[in-house]
Amino acid sequence: MESTPHITLYALGYKNLPFTTVWIEFPDIEPRMKALGATPSPKSPTRYTLPVIEDTKTSAVVMDSLAIAAYLDRTYPDTPSLLPQSNSDSAAKDSDATNDAPASPASLAALTTALSALASSPHMHTTPTQRSKNLQKWEKFGSAAWSEENWRALEDAWGVVDGWYAAAGQRDQYLLGPTPTHADFALAAQLKSFQLLLTPQEWARVCAWHGGRWAALLGAVEEWWVV
């Protein structure tokens, strides 16, 4: 499961806005987005990405979690804010944390899930044998044991983010103050993917990093994780 849709799930839960989740398989993303009238992303090679929201109140269709956060703040100003006035810091930090961190076991598992959907698409392969061979190759890749060096690199990357939280003040504060923002939810979304996709032993390892900060962060925002 990719982490970015979780960011918007947290955002909607935090704002207490009613919504319905629609899960979409990888091969169906583009046709569904075209049907909704979503604008293609100029940054993504796949043109259409998730999450996407369709607001039946305004008929708006918004793609990308940061754009969705800005839209929700603008359209529903009486709900808790996701992007404070200093949102440039917030955006920079969640970009660093989610885009520049090394690939994780969770991301490999998510890739395998996406490719499982692709493998069943008649547009991707010509014979069942080819589909099976391709899927087996990616499943082996996604489930391969990580080396200690890989794990240390991942822990070090999250150590940089730990420094951001330490600089913010007390341990019970969020990244930019006493209330969560889009940046906190972006990091929590990555952690939620770890929790769902790693083995219990691997997840326990992540929870032990940096004085248990990541387990504490995920617990702090758990009430807003609404599926």
Side-chain angles (χ1 to χ4, degrees), residues 1-101 107 110 114 161 164-165 168 173-193 196 217-218 220-227:
M1 181 181 291
E2 183 55 73
S3 65
T4 50
H6 292 302
I7 304 174
T8 298
L9 290 175
Y10 279 122
L12 291 167
Y14 182 55
K15 286 179 173 289
N16 197 29
L17 295 171
F19 67 94
T20 300
T21 302
V22 178
W23 300 102
I24 302 175
E25 296 286 357
F26 189 87
D28 300 327
I29 293 175
E30 183 166 340
R32 286 294 297 272
M33 295 307 101
K34 286 182 176 178
L36 284 176
T39 302
S41 170
K43 299 181 294 183
S44 173
T46 57
R47 289 172 49 82
Y48 294 95
T49 61
L50 298 178
V52 170
I53 63 166
E54 180 186 19
D55 190 342
T56 55
K57 178 180 177 181
T58 64
S59 300
V61 176
V62 187
M63 181 167 60
D64 183 80
S65 62
L66 187 58
I68 290 170
Y71 168 82
L72 294 176
D73 277 357
R74 184 173 63 252
T75 308
Y76 301 97
D78 294 332
T79 62
S81 178
L82 295 165
L83 299 173
Q85 292 300 313
S86 56
N87 64 67
S88 58
D89 288 342
S90 170
K93 286 176 178 175
D94 90 56
S95 175
D96 284 344
T98 58
N99 296 331
D100 297 339
S107 65
V161 187
W164 298 341
Y165 278 89
Q173 284 189 319
Y174 293 100
L175 190 58
L176 297 178
T179 57
T181 64
H182 177 78
D184 298 291
F185 291 134
L187 292 163
Q190 182 78 311
L191 293 167
K192 175 60 72 173
S193 288
L196 295 173
L217 174 60
L218 201 59
V221 301
E222 188 66 24
E223 64 178 294
W224 300 305
W225 189 66
V226 183
V227 178

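Note that this is a predicted model, so its numbers are computed, not measured. Just the heavy atoms: all of them, side chains too, but no hydrogens, waters or symmetry mates, feed the values below. Numbering starts at 1 and runs along the sequence shown.
- If you take CG on Leu218 and CD on Gln190, they are separated by 11.5 Å, rounding to the nearest 0.5 Å.
- In terms of heavy-atom proximity, Ala69 sits nearest to His182 at CB-ND1, 3.7 Å.
- Of the options Leu66, Ile53, Thr21, a side-chain contact (heavy atoms from CB on, under 4.5 Å) to Thr8 is made by Ile53 and by none of the others.
- Residues Phe185 and Ile7 share a closest heavy-atom pair of O-CG1, 4.0 Å.
- With a 4.5 Å cut-off on side-chain heavy atoms, Pro51 and Thr4 count as touching.
- Of the inter-residue distances, the one linking Leu72 atom CG with Ser81 atom OG reads 10.5 Å to the nearest 0.5 angstrom.
- In this structure, CD in Glu54 is found 9.0 Å from CZ in Arg32, a value given to the nearest 0.5 Å.
- Note that CG of Asp28 is 15.0 Å distant from CH2 of Trp23, once rounded to the nearest 0.5 Å.
- The backbone N or O of Leu175 lies less than 3.5 Å from a partner atom in the side chain of Asp184, making a donor-acceptor pair.
- Between Arg74 atom CZ and Thr58 atom OG1 the span is 9.5 Å, to the nearest 0.5 Å.
- Judged by distance alone, the side chain of Asp73 and the main-chain N or O of Leu82 form a donor-acceptor pair under 3.5 Å.
- No side-chain heavy atom of Val52 sits under 4.5 Å from any side-chain heavy atom of Ile68.
- Between Trp224 and Leu9 there is no side-chain heavy-atom pair separated by less than 4.5 Å.
- Side-chain contact between Val221 and Tyr174 is present, with heavy atoms from C-beta onward closer than 4.5 Å.
- To the nearest 0.5 Å, atom CZ of residue Arg47 and atom OG1 of residue Thr39 are 10.5 Å apart.
- Thr79 places a side-chain N or O within 3.5 Å of a backbone atom of Tyr76 that can act as its donor or acceptor partner.
- Residue Pro80 comes nearest to Tyr14 through the heavy atom pair CB-CE2, 3.4 Å, listed as atom of the first residue, atom of the second, then distance.
- Between Val62 and Asp55 the shortest side-chain heavy-atom distance does not fall below 4.5 Å.
- Between Ser193 and His6 the shortest heavy-atom distance is OG-CD2, 3.5 Å.
- Under 4.0 Å is where a charged nitrogen must lie from a carboxylate oxygen, and between Glu222 and Lys192 at least one such pair does.
- A donor and an acceptor atom, one from each side chain of Asp64 and Tyr71, are nowhere located under 3.5 Å apart.
- Within the 4.5 Å cutoff, the side chain of Leu191 has heavy atoms near those of the Leu217 side chain.
- For the residue pair Tyr48 and Met33, the shortest heavy atom distance occurs at CD2-CB, 3.2 Å.
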